[in-house]
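Read the numbers this way: they start at 1 and go in the same order the structure lists the ligands and their atoms. When a residue number appears, it is its place in the shown sequence, counting from 1.
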Amino acid sequence: MASIKPRKRVLSGMRPTGKLHLGNYVGALENWVRMQDEYECFFCIVDWHALTTDYADTSHVKENSVEVMFDWLAAGLDPQKSVIFIQSHVPAHAELHLLLSMITPLGWLERVPTYKEQRENIKDKDLGTYGFLGYPVLQAADILAYKADVVPVGEDQVAHIELTREIARRFNGFYCEVFPEPQSLLTPAAKLPGTDGRKMSKSYGNTILLTDPEPLVRQKLKTMVTDPARVRRSDPGNPDVCPVGDLHKLFSRKETMAKVDEGCRSAGIGCIECKSWAADALVQILNPIQERRKKFEDNPRLAWDILEDGTKRAKAAAAETMKDVRAAMGMSLELN
Ligand code: TRP
Ligand code: SF4
């Protein structure tokens with residue numbers, strides 16, 4: 001009898017910054033939902049990572065974690081298939097972070113592009129902290145605690161996964177072969193514009209939330225920027241340079257896309273009509289997500305049970321790794 005090959009293990013995480021938007025969905029979540037059938041998946045709400053920047057005011061961290069949890073379940077992460085949990089509920093991440101911090105050279109951390117960039121760009125918080133410099137070590141601990149093979153992330157995280165590999169290699173070299181070297185799996189970069197035409201992002205205030213009700217989605221679309229060359233209704237436009245055109249490409253059916261393409265270029269349709277079709281497509285995607293969310297919001301006990309079960313499973317998996325880690329370092333908890 002052929003033996004069944006064990007599925008590769010996936011771990012990914014998201015910082016709890018509040019309700020998720022369509023950009024989070026097409027940029028990550030939608031892909032995670034698909035991966036659940038092929039991999040053994042661990043999805044972690046990384047609330048300790050939120051503290052690396054928001055340490056002075058922690059009052060929203062917990063409520064944001066809960067929002068993310070609801071959005072994940074609403075989007076279709078399935079506790080029957082995946083382990084869904086909150087980082088701070090699994091203290092092994094902290095233990096591994098500490099041990100990895102011992103072997104991580106400062107220079108590696110100082111060279112991480114996101115570190116340099118954020119130190120320069122974020123001026124309203126003092127990021128000259130030990131914890132902020134150690135952000136990628138904590139991320140490495142998240143990944144290595146589960147001996148993950150694959151880490152689905154966006155482009156901006158590739159350097160962190162590379163660093164994780166370097167830390168794993170260094171650990172394996174000093175002690176013994178404990179960690180596989182995880183590969184990053186780039187989420188196909190769907191360019192999702194926000195209502196102002198820039199990349200959809202919470203910090204730009206241009207988002208469409210997964211929880212936005214239909215009238216709000218329609219209203220946001222009405223104010224969305226279009227091809228700037230199309231000033232009057234009689235001017236022809238170009239969907240390839242229009243953020244609304246981008247939405248159609250991502251979400252509309254082929255027939256609608258064809259109508260948009262033809263109508264826009266010939267000035268046969270107006271932008272108002274075109275936007276209402278884009279809104280139709282968005283609403284169709286959001287409807288089932290919002291229905292699922294309602295089920296959990298109406299019965300939060302369901303979500304807590306899922307979280308409790310996920311925590312248990314994550315703890316068990318991380319505990320196995322930590323046994324190997326302690327043994328490799330000659331620090332097993334057993335007396336001998
Ligand atoms: N740093 C990631 C981000 O900002 C979040 C994260 C933390 C993560 N731990 C992780 C992603 C582990 C993947 C795997 O998006
Ligand atoms: Fe954009 Fe549609 Fe207007 Fe063309 S018709 S400019 S695609 S909103």
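- For ligand 1, the atoms closer than 4.0 angstrom to any heavy atom of Tyr135 are 1 (N), 2 (C), 3 (C), 4 (O), 5 (C).
- A salt bridge links Arg218 to Glu214: one of the charged nitrogens lies within less than 4.0 Å of a carboxylate oxygen.
- With a heavy-atom cut-off of 4.0 Å, Val151 touches ligand 1 through its side chain alone.
- Counting atoms of ligand 1 from 1 in the listed order, those under 4.0 Å from a heavy atom of Arg15 are 4 (O).
- Ring-centre distance between Phe179 and Phe171: below the 6.0 Å cut-off.
- Remark: minimum distance from atom 9 (N) of ligand 1 to any protein heavy atom is reached at Asp142 OD2, 2.7 Å.
- Residue contacts with ligand 1, taken as heavy atom pairs separated by less than 4.0 Å, involve Ile143 solely via side-chain atoms from C-beta onward.
- Atom numbering of ligand 1 starts at 1 in the shown order; those under 4.0 Å from a heavy atom of Val46 are 7 (C), 9 (N).
- By the rule that hydrophobic residues join a cluster once side-chain heavy atoms approach within less than 4.5 Å of another member, Leu98 and Trp108 end up as members of one cluster.
- In this structure, the separation between OG on Ser101 and CG on Leu96 is 10.0 Å, given to the nearest 0.5 Å.
- Of all protein heavy atoms, the one closest to atom 13 (C) of ligand 1 is Gly13 N, 3.5 Å.
- Among the candidates Leu20, Leu209, Ile285, Leu192, the single residue satisfying the side chain to side chain contact (heavy atoms under 4.5 Å, CB included) test with Tyr25 is Ile285.
- Side chain to side chain, Asp142 and Gln87 meet the donor-acceptor criterion of an N or O pair below 3.5 Å.
- Atom-to-atom distance recorded for Asn206:CG and Thr195:OG1 is 5.0 Å, nearest 0.5 angstrom.
- With hydrogens left out, the protein atom closest to atom 2 (C) of ligand 1 is Gln157 OE1, 3.2 Å, a heavy atom.
- Aromatic ring centres of Tyr146 and Phe85 lie closer together than 6.0 Å.
- Residues His248 and Thr256 bring no donor and acceptor atom of their side chains to less than 3.5 Å of each other.
- At a 3.5 angstrom cut-off on N or O pairs, Gln139 counts as close to ligand 1.
- Near Leu11, the atoms of ligand 1 lying under 4.0 angstrom from a non-hydrogen atom of the residue are 12 (C), 14 (C).
- Contact between Lys147 and Thr321 at its shortest, heavy atoms only, is CG-OG1, 3.8 Å.
- Around atom 3 (Fe) of ligand 2, the protein contributes the following N, O or S atoms at distances under 2.8 Å: Cys271 SG.
- Numbered from 1 in the order shown, with element, the atoms of ligand 1 that lie under 4.0 Å from a heavy atom of Ser12 read 13 (C), 14 (C).
- Take Glu40 and apply the side chain to side chain donor-acceptor pair (under 3.5 Å) test, not counting sequence neighbours, and it matches Arg9.
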